[in-house]
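Values reported hereafter were calculated over all heavy atoms of this structure, with side chains retained and with hydrogens, waters and symmetry mates removed. Chain naming here is simple, since letters A, B, ... match the order of the sequence lines and numbering starts at 1 in each. Given the structure is predicted, the values throughout are model-derived calculations rather than measurements.
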There are 2 protein chains.
Amino acid sequence: MRITNQREIILEELRKLKTHPTADELYEVVRKRLPRISIATVYRNLERLSEAGMIHKLEYGGRQKRFDGDISPHSHVFCVKCGRISDVKTRDDSEILDMVLDSRGYKILKCGVQFEGICPFCQQNNRSQKD
Amino acid sequence: MRITNQREIILEELRKLKTHPTADELYEVVRKRLPRISIATVYRNLERLSEAGMIHKLEYGGRQKRFDGDISPHSHVFCVKCGRISDVKTRDDSEILDMVLDSRGYKILKCGVQFEGICPFCQQNNRSQKD
DNA sequence: ATTGGTGCAAATGCTTTGCATAAAG
DNA sequence: CTTTATGCAAAGCATTTGCACCAAT
């Protein structure tokens, strides 16, 4: 994979953010350093980087995809009100595969626990940040 | 929730299918019984029914949502090649919440294990059914 | 009678693509 | 010099919405 300026800065900025940004949120951040970058470039690079396993693509709640520059093993909670995603610390992940009794002939490549809940902000406000 | 003909038949047909259909796949099936039904009605009802907990909405892989008329506790595998979703039998689900060490102030509403893999069909063909 | 649901078509919103140009190796 | 990536604008696709009409309670 060719190292372009755009690719480098996208990765760098994503790694700085702890917010699991959407593509357009990251685009706004990257734009401060590369004002002429296209949103298409951001999408294309996030795709390439996640294929390469250098970042994680998070798909929750049927909304916008979110991206995580931290690829160390951890789980996520999705706030059903505002769509925010946060980290969840859990015990060892590998126990999960031991739970499988019948996978119907699938070759299982990966597994993960996904949580849904209400984030601290929405608990206080009893409504969404973004709705 | 009012019981309309459309709503009844959508639920009935979804419960018959073991394939975790997308909204448009279900639309094609329902259309055989209600030729004048609109895809919007299918979407609206799938939404209402899943809010009511009568069906499950499955969101995997950033593709089309899939729906499951079987709400008994079970997990799913998503085939990364063709997008098919199948059931996975696992041991008791409640152990998962016990795995949480730190949920960052979120009130956790639900949790689930998600698996990704290659379905038997794609293993044989070494390519996707739909690509 | 009143509320909620439907069908249709148009709109939305996120994401992807075609194409000509530019940069990387 | 040969890929591979970029920027731009347009297209794509799943889903949602506005609105007038219809049906269920």
Side-chain angles (χ1 to χ4, degrees), chain A residues 1-14 20-52 54-67 78 80 82-85 128 130-131, chain B residues 1-14 20-52 54-68 78 82-85 128 130-131:
Chain A
M1 188 156 55
R2 210 169 259 188
I3 301 158
T4 63
N5 227 299
Q6 289 90 331
R7 187 160 294 161
E8 226 174 351
I9 290 177
I10 286 167
L11 183 56
E12 210 173 290
E13 293 299 327
L14 178 58
H20 313 89
T22 59
D24 60 294
E25 284 166 0
L26 185 58
Y27 170 64
E28 289 307 329
V29 172
V30 167
R31 217 137 77 102
K32 289 176 188 151
R33 293 177 60 187
L34 295 171
R36 295 192 48 74
I37 197 173
S38 157
I39 183 81
T41 299
V42 175
Y43 273 107
R44 277 187 287 234
N45 277 298
L46 288 172
E47 191 56 40
R48 304 276 280 104
L49 290 167
S50 92
E51 278 168 15
M54 300 172 70
I55 66 171
H56 281 157
K57 201 195 313 180
L58 310 176
E59 321 193 58
Y60 267 88
R63 307 204 198 184
Q64 277 171 279
K65 288 168 193 151
R66 294 182 164 271
F67 297 87
F78 169 78
V80 295
C82 69
R84 193 194 308 263
I85 289 183
S128 149
K130 291 185 178 171
D131 296 345
Chain B
M1 188 158 53
R2 209 171 262 188
I3 301 160
T4 63
N5 227 299
Q6 290 90 329
R7 185 159 295 162
E8 226 174 353
I9 291 179
I10 286 168
L11 183 55
E12 211 174 291
E13 292 300 325
L14 178 59
H20 313 88
T22 58
D24 60 296
E25 284 166 357
L26 186 58
Y27 169 63
E28 289 307 328
V29 171
V30 167
R31 217 138 75 103
K32 288 177 189 154
R33 294 178 60 186
L34 295 171
R36 294 191 50 72
I37 199 174
S38 156
I39 184 81
T41 300
V42 175
Y43 274 108
R44 276 187 287 234
N45 277 297
L46 288 172
E47 192 53 42
R48 302 279 278 100
L49 290 167
S50 92
E51 277 169 14
M54 299 172 71
I55 66 172
H56 281 156
K57 200 194 315 183
L58 310 176
E59 321 194 57
Y60 266 89
R63 307 203 200 184
Q64 279 171 279
K65 286 168 193 150
R66 293 182 166 272
F67 297 87
D68 194 346
F78 169 77
C82 70
R84 193 196 306 267
I85 289 183
S128 149
K130 290 184 180 171
D131 295 345

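Residue A:Gln6 places its side chain closer to D:dG7 than to any other of C:dC14, C:dT6, D:dG7. Closest contact between the side chain of A:Arg2 and the listed nucleotides D:dT17, C:dT15, D:dA5 involves D:dA5. The side chain of A:Ala40 sits closest to D:dA9 out of D:dT6, D:dT15, D:dA9.
If you check every strand for non-hydrogen atoms under 4.0 Å, B:Ile37 touches sugar and phosphate atoms only. Nucleic acid contact for A:Ile39: none, since no nucleic acid atom lies under 4.0 Å from a heavy atom of the residue.
When all heavy atoms are compared, the tightest approach of B:Tyr27 to B:Val42 is CD1-CG2, 3.9 Å. Nearest approach of B:Arg66 to B:His20, heavy atoms of both residues: NH1-O, 2.7 Å. The shortest non-hydrogen separation linking B:Ala52 to B:Met1 is CB-CE, 4.1 Å.
As a whole-Å value, the separation of A:Phe67 CZ from C:dC14 P is 13 Å. If you measure from atom CZ of B:Arg36 to atom C1' of C:dG5, you get 15 Å, rounded to the nearest angstrom. Rounded to whole Å, the distance from CZ on A:Arg63 to C1' on D:dA14 is 16 Å. Rounded to an integer number of Å, the gap from CD1 of A:Ile3 to C1' of D:dT3 is 15 Å. One can place CD of A:Glu51 at 14 Å from P of D:dT4, the figure rounded to the nearest angstrom. A:Asn5 places its CG atom 11 Å from the P atom of C:dG25, with the value rounded to the nearest Å. Between the CZ atom of B:Arg7 and the P atom of D:dA23 there is a distance of 16 Å, given to the nearest Å. We find that CD of B:Glu59 is positioned 15 Å from P of C:dC14, with the value rounded to whole Å.
For A:Thr4, a side-chain nitrogen or oxygen approaches OP1 or OP2 of D:dT6 to under 4.0 Å. Not one side-chain nitrogen or oxygen of B:Ser38 sits closer than 4.0 Å to the OP1 or OP2 atom of C:dC8.
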When you look at B:Gln6 and B:Asn45, which way does the side chain to side chain donor-acceptor pair (under 3.5 Å) test go after all the steps? CA-CA 8 Å; B:Gln6 290 90 329; B:Asn45 277 297; over 6 Å; no
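Within residues 42-50 of chain B, the residues that place at least one heavy atom under 4.0 Å from DNA chain C are, in residue-number order, B:Arg44, B:Asn45, B:Arg48.
Between B:Glu13 and B:Lys32 there is no salt bridge, since none of the side-chain N atoms of the basic residue sits less than 4.0 Å from a carboxylate O of the acidic one. Between B:Arg44 and B:Glu47 there is no salt bridge, since no side-chain nitrogen of the basic residue lies less than 4.0 Å from a carboxylate oxygen of the acidic one.
Side-chain contact between A:Val29 and A:Glu25: absent, with no pair of heavy atoms (C-beta onward) separated by less than 4.5 Å.
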